[in-house]
There are 2 protein chains.
Amino acid sequence: MATVLKSFAPPAHDHGRCIKTALVKAERACTASGKRLTPLRRRVLELIWNSHLPVKAYELLSQLAQERAQAAPPTVYRALEFLQDAGLVHRIASLNAFVGCGEPLAGHVSQFLICTRCGTVAELAEPALSAGIAASAQRLGFKVARETIEVEGLCRDCQKAERALTR
Amino acid sequence: MATVLKSFAPPAHDHGRCIKTALVKAERACTASGKRLTPLRRRVLELIWNSHLPVKAYELLSQLAQERAQAAPPTVYRALEFLQDAGLVHRIASLNAFVGCGEPLAGHVSQFLICTRCGTVAELAEPALSAGIAASAQRLGFKVARETIEVEGLCRDCQKAERALTR
DNA sequence: ACCAGTGCTGTTACACAGTAACAGTCCGAA
DNA sequence: TTCGGACTGTTACTGTGTAACAGCACTGGT
Ligand SMILES: [Zn+2]
Ligand SMILES: [Zn+2]
Ligand SMILES: [Zn+2]
Ligand SMILES: [Zn+2]
């Protein structure tokens with residue numbers, strides 16, 4: 001049965017809560033796996049969670065630079081690398097951007113729905129899709145190690161908005 | 001039923017034939033859709049088809065620069081944009097690289113198997129996968145416009161090679 | 001013949017994305 | 001105390017991609 005980890009965030013919701021729970025889960029995930037969520041890394045994660053939109057590395061850098069004068073590209077890229085390895089953020093290859101992971105404790109496949117109008121990203125976790133890919137691959141003798149699924153389209157709200165325009 | 005457009009190219013095969021048929025199909029696709037495959041565009045396509053490996057834009061540029069002294073980044077990026085729009089090449093987002101499309105006349109979904117050892121890329125066309133994605137998306141009210149599926153792993157030959165090493 | 005518009009390429013100059021390499025700091029283990 | 005490892009600072013670079021303008025060829029109308 002298909003399970004959706006994170007659905008599209010409603011336009012107006014208590015996002016402070018999203019941030020808070022994301023940070024708490026991150027702390028837990030790190031202590032559980034013996035990794036260190038340093039102030040810098042924590043701050044970068046927090047910046048990423050400022051919205052449900054994918055964030056570019058250099059946006060993070062400029063925000064960070066307002067707090068830490070010394071911030072340079074390696075600063076943010078190292079933090080991002082750590083956060084990715086810890087499963088706390090995902091990289092969206094088709095956008096060169098990063099989003100926070102809503103379920104860092106669960107196993108992560110990378111399946112994303114990206115709304116091209118409002119920019120928000122939703123993460124899926126459909127074992128059936130992964131299974132289908134694995135099956136197709138196996139028919140070619142191919143052994144899957146990592147999958148990248150990035151689907152562009154329109155979220156429900158943006159479809160409504162589009163229809164309203166063309167009416 | 002699943003159909004495989006292009007399987008992994010055998011290590012040694014008549015690749016001149018691959019190039020030739022790719023160019024012929026490209027000509028056809030362009031005349032059919034009223035697009036112009038200019039010498040520059042044709043040459044870039046030919047360079048991409050030099051192998052079944054994904055090619056980086058700046059590799060193309062340096063090859064091109066040996067023939068045309070004036071070649072600059074826009075030269076190659078504009079050709080690539082045209083070729084993509086014409087469905088003659090695909091961009092692999094996770095690699096920042098480009099591969100020729102084996103079936104430019106058929107509709108293109110973007111489903112790729114990427115061998116992390118030998119680097120070759122195989123293109124899939126599994127309607128079942130696309131259907132599965134569309135179904136999952138619809139459950140969230142999401143309307144799919146474009147899908148990116150890039151699967152990394154090991155091709156059959158490279159699995160054999162790996163096993164031989166660890167034996 | 002003239003002109004305007006369009007599509008293709010040349011050219012310059014950037015902006016954005018990511019990494020290598022080395023230097024300090026801190027801290028816990030031997 | 002000393003060593004080593006993890007983290008961050010710092011410099012400098014490579015790689016990826018685009019904006020903007022200029023020229024040029026072709027086409028279609030006048
Ligand atoms: Zn939220
Ligand atoms: Zn939207
Ligand atoms: Zn071939
Ligand atoms: Zn291989």
Side-chain angles (χ1 to χ4, degrees), chain A residues 26-27 29-31 33-48 53-86 88-99 119 148 150, chain B residues 26-27 29-31 33-48 53-86 88-99 119 148 150:
Chain A
E27 302 275 12
C30 284
T31 50
S33 59
K35 294 178 179 170
R36 295 181 47 200
L37 190 62
T38 64
L40 175 59
R41 292 165 176 173
R42 192 188 147 89
R43 181 65 184 130
V44 170
L45 181 59
E46 203 175 6
L47 287 175
I48 290 175
L53 304 177
V55 193
K56 302 240 159 191
Y58 274 63
E59 289 177 32
L60 288 172
L61 178 54
S62 67
Q63 293 179 256
L64 209 57
Q66 301 181 3
E67 314 167 359
R68 319 189 152 227
Q70 340 82 320
T75 312
V76 70
Y77 279 104
R78 285 196 282 235
L80 285 171
E81 188 185 8
F82 171 86
L83 294 171
Q84 281 181 268
D85 290 348
L88 301 174
V89 312
H90 294 292
R91 185 186 136 89
I92 312 284
S94 59
L95 300 178
N96 288 346
F98 302 82
V99 288
T148 300
E150 295 171 8
Chain B
E27 303 274 13
C30 285
T31 51
S33 58
K35 292 178 179 170
R36 296 180 48 199
L37 190 63
T38 64
L40 174 60
R41 293 166 177 174
R42 191 188 148 90
R43 182 63 184 132
V44 169
L45 181 60
E46 202 174 7
L47 287 174
I48 290 174
L53 302 178
V55 193
K56 302 241 159 193
Y58 274 65
E59 289 178 30
L60 288 172
L61 178 55
S62 69
Q63 293 179 258
L64 209 57
Q66 301 181 2
E67 313 168 357
R68 319 188 151 223
Q70 341 82 319
T75 311
V76 70
Y77 279 105
R78 285 196 281 236
L80 285 171
E81 188 186 8
F82 171 86
L83 294 170
Q84 281 181 268
D85 290 348
L88 300 173
V89 312
H90 295 291
R91 184 186 138 87
I92 313 286
S94 59
L95 300 177
N96 287 347
F98 303 82
V99 288
T148 300
E150 294 171 10

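All of these numbers come straight from a predicted model, not from anything done at the bench. The analysis underlying the following values was restricted to heavy atoms, covering all of them including side chains, and did not include hydrogens, waters or symmetry mates.
Toward the 5' end of DNA chain D, the nearer of the two residues A:R78 and A:Y58, judged by each one's closest nucleotide, is A:R78. Between A:Y77 and B:R41, the one whose closest nucleotide on DNA chain C sits nearer the 5' end is B:R41. Comparing A:P73 and B:R91 along DNA chain D, the residue whose closest nucleotide (by nearest heavy atom) sits nearer the 5' end is A:P73.
As a whole-Å value, the separation of B:R42 CZ from C:dT9 C1' is 19 Å. Taking atom CG of B:L60 as the reference point, atom P of D:dT16 lies 11 Å away to the nearest angstrom. At whole-Å resolution of the value, CD in B:Q70 and P in C:dT12 are 11 Å apart. Atom P of nucleotide D:dC26 and atom CZ of B:R36 are separated by 9 Å, given to the nearest angstrom. As a whole-Å value, the separation of B:F82 CZ from C:dT6 C1' is 15 Å. Going from atom CG of A:N96 over to atom P of D:dT16 covers 11 Å, rounded to whole Å. Atom pair B:L80:CG and D:dT18:C1' shows a separation of 14 Å (rounding to whole Å applied). With rounding to whole Å, B:E59 atom CD is found 17 Å from D:dT14 atom P.
Across B:V55 and B:I48, no two heavy atoms sit closer than the pair CG2-O, 3.9 Å. The shortest heavy-atom contact between B:L64 and B:R43 is CD1-CG, 4.0 Å. Across A:P54 and A:G119, no two heavy atoms sit closer than the pair CD-O, 3.1 Å. The shortest heavy-atom contact between B:R36 and B:F82 is O-CZ, 3.4 Å. Of all heavy-atom pairs between B:L37 and B:L88, the closest is CD1-CD1, 4.4 Å.
When distances run from any side-chain atom of B:P74 to the nucleotides D:dT11, C:dT11, C:dG18, the shortest one goes to C:dT11. The listed nucleotides are D:dG9, C:dG18, D:dG17; the one nearest the side chain of A:A57 is C:dG18.
Contact annotation: B:K56 does not reach the phosphate of D:dG15 (side-chain N/O to OP1 or OP2, under 4.0 Å). Distances shown here put a side-chain N or O of B:T38 below 4.0 Å from the OP1 or OP2 atom of C:dT9.
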